[in-house]
Amino acid sequence: VRWKCEPMKWRLSVRVGNLVKFNRLAIGIPKGAIGLVVKEYARTVKAGSEPCSIWEVTLYGTPYPMRNRRFLGEDLEVING
């Protein structure tokens with residue numbers, strides 16, 4: 001899987017406990033859905049690079065409520081915090 005990550009930009013904006021809105025469509029999740037960030041995971045894009053955060057979010061108001069999914073910070077917009 002290839003993806004580009006800007007770790008510092010997203011690490012400073014999203015935090016565990018934030019209420020977030022989704023900026024893009026995903027399977028089973030409409031754009032603009034709301035969720036609560038519950039956990040942070042670090043992933044290394046390639047050897048020797050800085051780790052990038054992946055956020056686990058509990059979804060609300062979707063066809064599958066209360067289900068956790070993982071997203072990159074660039075796909076999330078902080079509503080509170």
Side-chain angles (χ1 to χ4, degrees):
V1 175
R2 291 183 175 178
W3 45 275
K4 184 178 178 183
C5 185
E6 299 174 24
M8 290 307 293
K9 183 177 179 182
W10 304 113
R11 185 181 304 151
L12 297 175
S13 60
V14 178
R15 299 204 189 291
V16 173
N18 283 139
L19 190 61
V20 293
K21 181 171 79 170
F22 298 97
N23 290 331
R24 65 188 323 193
L25 294 172
I27 295 174
I29 304 170
K31 183 177 179 179
I34 294 175
L36 180 69
V37 178
V38 293
K39 193 168 184 181
E40 176 184 8
Y41 297 92
R43 178 181 170 93
T44 303
V45 178
K46 60 181 178 180
S49 68
E50 188 173 342
C52 178
S53 294
I54 296 176
W55 303 94
E56 186 171 319
V57 179
T58 300
L59 305 174
Y60 298 96
T62 64
Y64 308 103
M66 301 298 291
R67 183 174 176 199
N68 291 358
R69 297 274 303 264
R70 295 179 184 171
F71 298 92
L72 292 174
E74 62 195 38
D75 298 333
L76 305 172
E77 177 185 336
V78 177
I79 296 175
N80 73 330

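These numbers come from the heavy atoms of this one structure, side chains and all, not from hydrogens, waters or symmetry mates.
With hydrophobic clusters built from ILVMFWY side chains whose heavy atoms lie under 4.5 angstrom apart, V14 shares a cluster with V16. Residues V78 and L59 fall within the same hydrophobic cluster, defined by Ile, Leu, Val, Met, Phe, Trp and Tyr side chains chained together at heavy-atom separations under 4.5 Å.
Nearest heavy-atom pair, N23 versus E74, reported as atom, atom and distance to 0.1 Å: ND2-O, 4.0 Å. Nearest heavy atom pair, residue L72 against residue W55, reads C-CD1, 4.2 Å. The minimum heavy-atom distance between R70 and Y41, with the atom names listed, is NH2-OH, 3.0 Å. Closest approach of D75 to R24, counting heavy atoms only: OD1-CD, 2.8 Å. Of all heavy-atom pairs between F71 and A26, the closest is CE2-CB, 4.4 Å. Nearest approach of V38 to T58, heavy atoms of both residues: CG1-OG1, 3.4 Å.
Between K31 and L25, some side-chain heavy-atom pair lies under the 4.5 Å cut-off. Using a 4.5 Å cut-off on side-chain heavy atoms (C-beta onward), L76 and F22 make contact.
Separating the CD1 atom in I54 from the CZ atom in R69 is a distance of 13.0 Å, to the nearest 0.5 Å.
Side-chain atoms of N18 never come within 3.5 Å of backbone atoms of V37 as a donor-acceptor pair (strictly under, hydrogens ignored).
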